[in-house]
Amino acid sequence: MTQPLLRVNDLVKNFALKGGILGRIVDEVHAVDQVSFDLSAGETLGLVGESGSGKSTTGRCILRLIEPTAGEIWFEGRDIVKLDAKELGALRRDMQIIFQDPYASLNPRMTVGAIVGEALIIHGLAKSRRAIEERVVELLETVGLGADHMRRYPHEFSGGQRQRIGIARALAVSPKLIVCDEPVSALDVSIQAQVINLLEDLQKEFGLTYLFIAHDLSVVEHICTRVAVMYLGRLVEIASSRDLYTRPLHPYTEALLSAVPVPAPRAKRQRIRLEGEVPNPINPPTGCHFHARCPIRQLPLCSTEKPQLKRAADGHWVACHLRG
Ligand code: SF4
């Protein structure tokens, strides 16, 4: 069996909450709770969940933009949690991120040429000014922009074009893995498809691997090979896209999926409306975190025992006492 490009083992991230005049730690937010998954080279794994599910925190821990509390993150056979600052600097070439908000993620005082060319200078990938410019033009053309855009500023572009600039910036260092952190959530629906198509084309052309974070299942259906669903910091289901969309097992996945529009003439899905809001991650429910909202919960089992991820079928894993 070939080694996955990325292996996440029991990843945990807690954020300390400080209070009082002395700023002592008074509580903890359990943002990511023992998350594990593999990602093979050339694959796209969707990481899906509502706001507060821990999906973006997971993505940022993988890139070590924030430090994990516990767990292992293996990239090409090395546990990157153990790397020092120098080793991490070199690794930044291999792992890049595309941010959700194309309006906030580009420095408004820098030209597009400077934004895209910055990483080339940091990593010493182009030796002369001319070489940097040539590479920037090449990158802009790769994402559907032109050489004439190089001397302009981010505010002169639409949301979709700014996201293309963000993609060009990520591509500049020829990464292997890109964490796409809700890259189309802030865009109009008509533009979303264009950006997703571009990401698919780039994946084919450059052999990229994506961790694609999204808050609903409709966005990831076509781009992802596999999908992992998170709820309140835990992974509740992971399966191939085809299995997850046709045979969801976890009641939370079923509810998310029921909100995805189905094109005619496929059968209509019955919308499942969940009770209440996502609980507070400072004090998550005992047992199965989902039990307070679950339409099929069985008490006291579901409120007292944590369901473990178990194999339901080939490549299909679910964390539920009653399913799988
Ligand atoms: Fe629902 Fe219980 Fe399954 Fe949790 S473990 S999803 S509460 S049935």
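The structure presented is a predicted model; accordingly, all values stated were derived computationally and were not measured. Just so you know, residue 1 is the first one in the sequence shown, and it goes up from there. Whatever order the structure lists ligands and atoms in, that order sets their numbers, starting from 1.
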Taking only heavy atoms of [X], which atoms of ligand 1 are found under 4.0 Å from at least one of them?
X: Pro251; value: 6 (S)
X: Leu322; value: 8 (S)
X: Cys288; value: 4 (Fe), 5 (S), 6 (S), 7 (S)

Nearest-0.5 Å distance that lies between atom NZ in Lys55 and atom CD1 in Ile213: 8.0 Å

What's the spacing between Thr57 OG1 and Phe15 CZ if we round to 0.5 Å? 4.5 Å

I need the nearest protein heavy-atom contact for [atom]: residue, atom name and distance, please.
atom: atom 2 (Fe) of ligand 1; value: Cys302 SG, 2.3 Å
atom: atom 5 (S) of ligand 1; value: His321 N, 3.3 Å
atom: atom 1 (Fe) of ligand 1; value: Cys294 SG, 2.3 Å

Looking at atom 1 (Fe) of ligand 1, is one of the N, O or S atoms of His250 less than 2.8 Å from it? no

What class does the angle between the rings of Tyr252 and His250 fall in, given that below 30° is parallel, 30 to 60° is tilted and above 60° is perpendicular? perpendicular

Dump the intermediate steps for side-chain hydrogen bond (donor to acceptor under 3.5 Å, both in side chains) on His316 and Glu237, then the final yes or no. CA-CA 8 Å; His316 196 153; Glu237 185 162 7; 2.6 Å; yes

Part of Cys320 with heavy atoms under 4.0 Å of ligand 1, whether side chain, backbone, both or neither: both

Is the backbone of Leu145 close enough, under 3.5 Å, to the side chain of Gln161 for a donor and an acceptor to pair up by distance? no

Chi angles and distances behind the side-chain hydrogen bond (donor to acceptor under 3.5 Å, both in side chains) call for Asp188, Ser190: CA-CA 5 Å; Asp188 290 347; Ser190 57; 4.9 Å; no

Tell me whether His291 has at least one N, O or S atom under 2.8 Å from atom 2 (Fe) of ligand 1. no

In terms of side-chain heavy atoms, does Asn14 have a donor or acceptor partner in Thr69 at a distance below 3.5 Å? no

